[in-house]
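Presented below is the structure to which this report refers.
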Amino acid sequence: MTKTPYKIGVVGVGEIAKNQHIPSINRNPDFEFAAGVSRHQKTEGVDNFTAIEDMISARPDIDVVSLCVPPQVRYGIAWAALEAGKHVMLEKPPGISVVEVESLARFAEQKGVTLFATWHSRYAAAVETAKNWLADKKITDVKIIWKEDVKHWHPGQTWIWQAGGMGVFDPGINALSILTHIMDVPFHLQEADLAFPSNCETPIAAQLKFAGNDALSLTADFDWRQTGPQHWDIYVQTTEGEVHLANGGNDMLIDGKAHFSADNAEYDNIYARFAELLKSNQSDIDLMPLKHVADAFMLGKRSVVEAFEE
Ligand code: NAP
């Protein structure tokens with residue numbers, strides 16, 4: 001697919017679509033924002049539809065779609081888009097189960113279209129620098145601390161508390177997407193403790209312990225009850241010093257000293273990558289972060305904690 005700009009429809013016009021996807025699409029000359037699909041929201045300056053099927057029949061010229069709906073409804077919409085021969089970008093997490101995303105991947109391949117399962121945190125400013133720095137080092141210890149205030153970051157989002165919404169893994173999977181990208185050695189989940197509010201179907205906190213092939217220590221502490229300073233930190237200790245990815249992967253310190261920092265351009269980078277995939281007729285689907293989360297739900301010990309009230 002080489003003709004640009006690609007006419008693109010955005011499905012699910014909520015927080016992330018309004019704040020990141022649409023501005024990044026509008027900044028990228030390879031795309032032309034052509035339609036919004038939303039049950040409640042109208043986007044100025046483009047055609048608006050309430051269901052993807054309506055967009056598909058009314059605007060056959062739109063051949064690319066970006067799905068920004070919650071994960072629980074993504075599969076059906078993605079399937080409809082692929083069936084109509086559209087190229088599809090999926091927000092993270094790409095689905096509510098590993099196998100449904102594998103089905104989408106197979107279907108995209110059969111249809112000869114691009115499927116891009118995005119991990120926006122992998123496009124944070126310092127992630128590639130950290131990956132390159134770590135490439136020839138021996139990693140001994142990794143600590144992920146991902147603690148934020150759910151009331152501040154996810155007000156009114158009921159889907160995060162419903163099965164498939166993933167609870168604290170909604171942000172936690174971002175940390176895992178970075179780690180699985182920057183670490184070249186395999187690791188797997190060994191233990192997990194998940195804390196479920198008594199009135200919710202998904203956890204508000206999770207402590208994970210992973211094992212590697214050698215004497216690697218790797219833990220993750222995800223918590224949505226954090227007030228005060230917020231933490232999106234990954235500390236990677238090597239035999240030659242420590243990398244600290246801070247601020248969600250946008251800042252990098254070595255042995256506590258600032259090494260690299262840049263403005264967050266995650267979504268501009270995602271759309272640049274999407275254009276590259278479309279031009280070369282390729283897909284990009286890495287399920288490893290989702291597999292670790294699925295393992296946590298499969299293996300984790302569950303405790304019930306205080307009900308969550310917004
Ligand atoms: P959101 O603000 O709740 O928006 C989701 C939109 O999807 C809603 O506005 C809704 O629009 C539409 N939708 C369709 N079916 C829905 C359903 N059954 N339940 C709820 N909404 C439905 O969510 P968001 O924060 O944009 O997150 C969307 C996806 O982006 C999630 O997978 C999330 O993990 C990911 N993400 C979010 C952020 C962030 O900071 N917010 C960052 C990165 C990634 P209509 O009601 O108008 O149809």
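In this text, all values refer to a predicted model and were calculated from it rather than measured experimentally. Atoms within each ligand, like the ligands themselves, are counted from 1 in listed order.
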Just which atoms of ligand 1 are under 4.0 Å from any heavy atom in [X]?
{"X": "Arg74", "value": "29 (C), 31 (C), 32 (O)"}
{"X": "Pro70", "value": "5 (C), 7 (O), 13 (N), 16 (C), 19 (N), 20 (C), 21 (N), 22 (C)"}
{"X": "Gln41", "value": "47 (O)"}
{"X": "Asp170", "value": "33 (C), 34 (O)"}
{"X": "Val13", "value": "9 (O)"}
{"X": "Val73", "value": "15 (N), 18 (N)"}
{"X": "Pro71", "value": "32 (O)"}
{"X": "Cys68", "value": "5 (C), 28 (C), 29 (C)"}

Do me a favour and list the nearest non-hydrogen protein atom to [atom] with residue, atom name and distance?
{"atom": "atom 11 (O) of ligand 1", "answer": "Ser38 OG, 4.0 Å"}
{"atom": "atom 44 (C) of ligand 1", "answer": "Glu91 OE1, 3.3 Å"}
{"atom": "atom 25 (O) of ligand 1", "answer": "Gln157 NE2, 2.9 Å"}
{"atom": "atom 8 (C) of ligand 1", "answer": "Gly14 CA, 4.2 Å"}
{"atom": "atom 27 (O) of ligand 1", "answer": "Trp159 CZ2, 3.6 Å"}

Any donor-acceptor N or O pair under 3.5 Å, side chains [X], [Y]:
{"X": "Glu148", "Y": "Trp232", "result": "yes"}
{"X": "Gln207", "Y": "Asp221", "result": "yes"}
{"X": "Arg122", "Y": "Thr180", "result": "yes"}

Just wondering, are more than 12 heavy atoms of other shown residues or ligands nearer than 6.0 Å to CG in Asp184?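 Open.
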Within a radius of less than 6.0 Å around CD of Glu240, do more than 12 heavy atoms belonging to other residues, nucleotides or ligands occur?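 Buried by this count: over 12 neighbours within 6.0 Å.
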Would you call Asp223 and Arg225 a salt bridge, using N to O less than 4.0 angstrom?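 Yes, Asp223 and Arg225 are salt-bridged.
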Nearest heavy atom to atom 17 (C) of ligand 1 wins, so pick from Arg39, Gln72, His40.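 Shortest heavy-atom distance from atom 17 (C) of ligand 1: Arg39.
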Polar side-chain atom of [X] near backbone of [Y] as donor-acceptor pair, under 3.5 Å:
{"X": "Asp170", "Y": "Met166", "value": "no"}
{"X": "Lys137", "Y": "Trp133", "value": "yes"}
{"X": "Thr118", "Y": "Leu90", "value": "yes"}

Between His21 and Tyr271, ring centroids under 6.0 Å: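 That pair passes the under 6.0 Å test.
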Do Tyr267 and His120 have their ring centres less than 6.0 Å from each other?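 Yes, close enough.
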Please say whether [X] places an N or O atom under 3.5 Å from an N or O atom belonging to ligand 1.
{"X": "Ile16", "value": "yes"}
{"X": "Lys92", "value": "yes"}
{"X": "Tyr267", "value": "no"}

Counting only heavy atoms closer than 4.0 Å, does ligand 1 sit against the backbone of Glu15, its side chain, both, or neither?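 The part of Glu15 near ligand 1 is both the backbone and the side chain.
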